[in-house]
There are 2 protein chains.
Amino acid sequence: MINIFLEYLKDKFPITEEELEMLSQVCTVKKLRRRQYLLQEGDVWQKNAFVAKGVLRTYRVDEKGTEHIIQFSIENWWAGDRQSYHSGLPSAFNIEALEDAEIVLIPKADFDRLQIEIPKFGEFTRALLERSFIASQNRIHASISYSAEEKYADFIKTYPDITNRIPQHMIASYLGISPETLSRIRNQIAKK
Amino acid sequence: MINIFLEYLKDKFPITEEELEMLSQVCTVKKLRRRQYLLQEGDVWQKNAFVAKGVLRTYRVDEKGTEHIIQFSIENWWAGDRQSYHSGLPSAFNIEALEDAEIVLIPKADFDRLQIEIPKFGEFTRALLERSFIASQNRIHASISYSAEEKYADFIKTYPDITNRIPQHMIASYLGISPETLSRIRNQIAKK
DNA sequence: CAAAACTCTTGATATTTATCAAGAGTTTAA
DNA sequence: TTAAACTCTTGATAAATATCAAGAGTTTTG
């Protein structure tokens, strides 16, 4: 599984064999069965997690007990809680495997150090962060601008690879609409 | 105005006089009258903008002509369009002054170079990006989880300094609710 | 300073979306 | 392999929110 991660890195930016070795030495692999948790609310998140296989969801539970999905993560994506990572405070999130998954983990201390020791790696993670931010800005735009139907259309267009791997009611949760409403929207679309 | 920016930097991370000089040499100041634009849809954004004075709003216009406010920026905040900045493509955003404003501008080429030449500056802008991302995650959470009333309560709690400086209907636009609904929400809150 | 533009409110009504409830089909797991 | 859990759909109804329209203050600007 670590090889998948190393291939990913090689594909993303120029990196020497020696640097790959430095990175692989700090990696560990965590296997998750469906419905197992990578992070649970209240725990502090102090690592970086690369999804080599499987699907994860990151969600919060509100006072009424309703779950709200903040993010899905599939192969070649990252997962985690940046807020807890940087603040050292307990996380408000849960990260759960929706399929059996294999995750490459790098402890915070090693990750932060290697970003300096391997400048290209530091640049890469920064570019990743830039893109994550842009994606979240786009999601905000969709969220304040679109109707429920438009939000769903935008989702399946933006994340076609995720759409078919997760239950429909979780897409509804991600979009902030009720599962019944999403079901009816799909019904309407099908009729056209 | 450049001094305000330099004071801001000194306050945020350790920086030498020489480094401050390097930065100040690439800064220019742009004065904006109320309702003037810093960026207009279709233009390419290739700079960094620090708000020394005033309030800006960043918004998009949808097909129906409705404006949706993506962000407000007040003193000591940054404004811009990261998507256009990194892609070199025309921006979909407009950035407009809501009060007379003074903006410190740094061209992309200089900014990117100085991040490397002044490592602490690079670290600082990265931390800034991390915090922006976390803030946008929180906004997404509010957007998919809260009722209109809760969104408004969250906004005035999170951004008390902005609340009183901008028209109410623009807060509604930022939250993705209609101005009439916000007016009624405030009316209800006042009755309690 | 007077007209125009902007801002907020309020009422009436329409539309969108949520909630509650039940049932059918699937998948999961003891 | 069968009961339990999960998933999706559909109907009835309720609640939240948007839209349209008008009017009263306020601010801006020529």
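Each chain gets a letter, A, B and so on, in the order its sequence line appears, and its residues count up from 1.
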To the nearest Å, how far apart are A/Asp100 CG and C/dA29 C1'? 14 Å
Tell me yes or no: between the side chains of B/Ser91 and B/Asp81, is some donor less than 3.5 Å from an acceptor? yes
Answer yes if the side chains of B/Tyr174 and B/Arg57 hold a donor-acceptor pair under 3.5 Å, and no otherwise. no
May I have the distance from A/Ile185 (atom CD1) to C/dT15 (atom P), rounded to whole angstrom? 17 Å
A/Asp110 vs A/Arg113, test: salt bridge (charged side-chain N to carboxylate O under 4.0 Å, His left out). Steps then yes/no. CA-CA 5 Å; A/Asp110 294 312; A/Arg113 174 175 54 78; 2.9 Å; yes
Between atom CD in A/Gln168 and atom P in C/dT26, what is the gap in whole Å? 15 Å
Once you round it to whole Å, what is the distance between P of C/dT17 and OH of A/Tyr152? 15 Å
B/Leu98 CG to C/dA5 C1', in whole Å, measures 16 Å
Do any side-chain nitrogens or oxygens of A/Thr181 fall under 4.0 Å of OP1 or OP2 in C/dT17? no
Between CD of B/Glu180 and C1' of C/dT13 the distance, given in whole Å, is 13 Å
Would you please say whether a donor-acceptor pair under 3.5 Å links the side chains of B/Gln137 and A/Arg82? no
For A/Gln188 and C/dT17, give me the distance from atom CD to atom P, rounded to whole Å. 10 Å
Result for 5'-nearest mapping on DNA chain C, choosing between B/Arg184 and B/Met170, is B/Met170
Under the criterion side chain to side chain contact (heavy atoms under 4.5 Å, CB included), I'd like the reasoning laid out for B/Phe124 against B/Ile118: C-alpha separation, chi angles, the key distance, then a yes or no. CA-CA 10 Å; B/Phe124 166 67; B/Ile118 307 172; over 6 Å; no
For A/Arg139, enumerate each residue passing the salt bridge (Lys or Arg N to Asp or Glu O under 4.0 Å) test, keeping only those at least two apart in sequence or located in another chain. none
On DNA chain D, which is the earliest and which the latest nucleotide, 5' to 3', with an atom closer than 4.0 Å to a heavy atom of chain B? D/dT17 to D/dT28
By nearest heavy atom, map B/Leu182 and A/Ile166 onto DNA chain D; which one lands nearer the 5' end? A/Ile166
Sequence neighbours excluded, which residues qualify as side chain to side chain donor-acceptor pair (under 3.5 Å) partners of B/Glu150? B/Ser147
The residue, B/Arg34 or B/Lys151, whose nearest nucleotide of DNA chain D is more 5′ is B/Lys151
